[in-house]
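Worksheet for the structure shown next.
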2 protein chains.
Amino acid sequence: MALGKDYATQQCSIARALEVVGERWTLLVIRDALYGVRRYNDFLVHLGIPRAVLAARLQTLTAEGILEKRRYQQSPPRDEYVLTARGIALWPTLRSLGLWGREHLTDVRLRTFRHADCGTELGPYGECPACGTVVPVEDVLMEPGPGLDPDPADPVSRAFLVPRRLLQPLETDQV
Amino acid sequence: MALGKDYATQQCSIARALEVVGERWTLLVIRDALYGVRRYNDFLVHLGIPRAVLAARLQTLTAEGILEKRRYQQSPPRDEYVLTARGIALWPTLRSLGLWGREHLTDVRLRTFRHADCGTELGPYGECPACGTVVPVEDVLMEPGPGLDPDPADPVSRAFLVPRRLLQPLETDQV
DNA sequence: CTTGTAAGTTCGGTCATTGAACCAAGGTCG
DNA sequence: CGACCTTGGTTCAATGACCGAACTTACAAG
């Protein structure tokens, strides 16, 4: 556990949140899940995470109600991990964290997020400045930016080179 | 480092951000800095963090330009750590993370954040719904909520039992 | 019946975190 | 003067987390 009992003494919802999502890799797993990744192997190749750590994180996130494990084929038995409402609710946090990283650290535009209905680029908190509304996560269009490697090694990164809606299931087989 | 070279291969500003602020304790140090904590000892007692880890985090955050070390008295020489603009820019991220934690994990209202000018409770991203503007961090009033321990052990937590503006320097000596 | 795939588990080595003890520069008290 | 206090650290041994590689299971395809 990232913080364990230490954070339990903290009377703060930020500390509580970090107990759940503050471990290494966890927020990146959730990010990938928002981008449409659902399968163990896709997380694995896209994140470059050790297998044991990925298995542990998926289990913790499932236990915390952020991901849901569901069988997507019977034979051979295969499960996928899908974000719950609780997990999807982390989108504004990840959006603002990514924006901070872009503005204060990288200075390169790697991805652009737009309101799919009107094409307007999202504001800092995931709202649409044109429509004046909070955009539902499934109506966010993720576009590749100029800073991205045009020929990445793994199939998941390749799938992200074309505009996609958030939460739209990734089908690496069909790529 | 939280993610080290592993994250460097990720073409993503979220991953870059987590390289800098994703290590254990780091976001809680920044949270405390936003709440007005500036001194080594105040961070220490309020967070319950090991001394060596605190020293390491303060150094990293200073090197990354998120905190600034400044001398606040000459004799004996004493330094304090103050947030830079880059550090203050993490407020929306911490605000949305805390809100997520409150809504999805704790269900108890530990603190309330208001626009100091008009008393309206802040919206999910730190904006003032009444004024329709983004509230500057120093104009955010932090109020204790009913879920807080009314008699905490450390003086920093005691200072937080009374409404305070964010970034207002904590003077534990005067409490 | 050999090979392949998806989703893991196991394991030895390395790296980070922890808590306790120690250090140092300068006060303050008697 | 000498003893103790405060602030802000450093050092160190023990524990725990993470890492990468190898192995496992369950099934399908050729």
Side-chain angles (χ1 to χ4, degrees), chain A residues 1-9 18-19 22-29 32 37-62 67 69-82 154-156 170-175, chain B residues 1-9 18-19 22-29 32 37-62 67 69-82 154-156 170-175:
Chain A
M1 180 158 294
L3 318 142
K5 61 180 177 4
D6 296 279
Y7 283 33
T9 70
L18 287 172
E19 275 183 55
E23 284 179 302
R24 217 191 147 171
W25 296 110
T26 300
L27 280 175
L28 293 183
V29 170
D32 273 16
V37 177
R38 294 179 166 201
R39 318 237 279 234
Y40 182 92
N41 245 295
D42 289 340
F43 286 111
L44 199 69
V45 300
H46 189 234
L47 292 173
I49 181 177
R51 307 178 82 89
V53 176
L54 176 59
R57 294 295 180 276
L58 291 174
Q59 215 183 338
T60 305
L61 287 172
T62 303
L67 294 177
K69 187 175 187 170
R70 73 162 68 133
R71 178 125 324 171
Y72 68 88
Q73 72 178 31
Q74 291 299 334
S75 167
R78 293 280 183 266
D79 297 317
E80 62 183 5
Y81 296 88
V82 186
D154 69 287
V156 179
L170 190 74
E171 298 294 339
T172 36
D173 308 336
Q174 304 171 9
V175 177
Chain B
M1 179 160 294
L3 318 141
K5 61 176 177 3
D6 297 279
Y7 284 32
T9 70
L18 287 172
E19 275 183 56
E23 284 180 302
R24 218 191 146 170
W25 297 108
T26 300
L27 281 174
L28 292 184
V29 169
D32 273 16
V37 177
R38 295 181 164 199
R39 319 238 279 237
Y40 182 92
N41 245 294
D42 289 339
F43 285 111
L44 199 69
V45 300
H46 189 235
L47 292 172
I49 181 177
R51 309 177 80 89
V53 177
L54 176 58
R57 294 295 180 275
L58 291 173
Q59 215 182 340
T60 305
L61 287 172
T62 303
L67 293 177
K69 187 174 186 170
R70 74 161 69 133
R71 179 124 325 170
Y72 68 87
Q73 70 177 33
Q74 292 299 334
S75 166
R78 293 280 184 265
D79 297 317
E80 62 184 4
Y81 295 89
V82 186
D154 69 288
V156 179
L170 190 73
E171 298 294 339
T172 37
D173 307 336
Q174 304 172 7
V175 176

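Just so we're on the same page: letters track the sequence lines, and every chain starts at 1.
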Open item on the list: How long is the straight-line distance from CD of Glu80(A) back to NZ of Lys69(A), given to the nearest 0.5 Å?
Closed with: 12.0 Å

Integer-rounded Å distance: [N] [atom2] and [X] [atom1]:
{"X": "Leu44(B)", "N": "dA21(C)", "atom1": "CG", "atom2": "C1'", "value": "14 Å"}
{"X": "Gln59(A)", "N": "dG8(C)", "atom1": "CD", "atom2": "P", "value": "9 Å"}
{"X": "Leu58(B)", "N": "dG8(D)", "atom1": "CG", "atom2": "C1'", "value": "10 Å"}
{"X": "Phe43(A)", "N": "dA7(C)", "atom1": "CZ", "atom2": "C1'", "value": "13 Å"}
{"X": "Leu67(A)", "N": "dA7(C)", "atom1": "CG", "atom2": "C1'", "value": "16 Å"}
{"X": "Asp79(B)", "N": "dG26(C)", "atom1": "CG", "atom2": "P", "value": "13 Å"}
{"X": "Leu54(A)", "N": "dT10(C)", "atom1": "CG", "atom2": "C1'", "value": "16 Å"}
{"X": "Gln73(A)", "N": "dT5(C)", "atom1": "CD", "atom2": "P", "value": "14 Å"}

- [ ] Please determine, for the side chain of Tyr72(B), which listed nucleotide (dG8(D), dT17(C), dA6(C)) has the closest atom?
- [x] dG8(D)

Open item on the list: Counting only side-chain heavy atoms from C-beta out, which of dT11(D), dA6(C), dG8(C) sits nearest to Ala55(A)?
Closed with: dG8(C)

Open item on the list: I want to confirm an ordering. Mapping Ala52(A) and Gln74(A) to their closest nucleotides on DNA chain D, which one lands closer to the 5' end?
Closed with: Ala52(A)

TODO: Name the residue closer to the 5' end of DNA chain D, choosing between Lys69(B) and Ile49(A) according to the nucleotide with the nearest heavy atom.
DONE: Lys69(B)

[N] phosphate, OP1 or OP2, under 4.0 Å from [X] side-chain N/O:
{"X": "Ser75(A)", "N": "dA28(D)", "value": "yes"}
{"X": "Tyr81(A)", "N": "dA6(C)", "value": "no"}
{"X": "Tyr40(B)", "N": "dT10(D)", "value": "no"}
{"X": "Trp25(B)", "N": "dA16(C)", "value": "no"}
{"X": "Arg24(B)", "N": "dT18(C)", "value": "yes"}

What's the shortest heavy-atom distance between [X] and [Y], and which atoms?
{"X": "Arg24(B)", "Y": "Arg57(B)", "result": "O-NE, 2.8 Å"}
{"X": "Leu67(B)", "Y": "Leu58(B)", "result": "CD1-CD2, 3.7 Å"}
{"X": "Trp25(A)", "Y": "Gly48(A)", "result": "CH2-O, 4.1 Å"}
{"X": "Val29(A)", "Y": "Phe43(A)", "result": "O-CE2, 3.5 Å"}

Open item on the list: With nearest nucleotide decided by heavy atoms, which residue, Pro76(B) or Pro77(A), maps closer to the 5′ end of DNA chain C?
Closed with: Pro77(A)

Open item on the list: Reading DNA chain C from 5' onward, which residue's closest nucleotide shows up sooner: Arg78(A) or Ala56(A)?
Closed with: Arg78(A)

Task: Thr60(B) (side chain) donor-acceptor with Ala56(B) (main chain) under 3.5 angstrom - done: yes

Open item on the list: Ignoring hydrogens and geometry beyond distance, is the side chain of Arg51(A) in donor-acceptor contact with the base of dG20(D) at under 3.5 Å?
Closed with: no

- [ ] May I ask you to say what Val53(A) touches in the nucleic acid, namely base, sugar-phosphate or nothing, with a heavy-atom cut-off under 4.0 Å?
- [x] sugar-phosphate

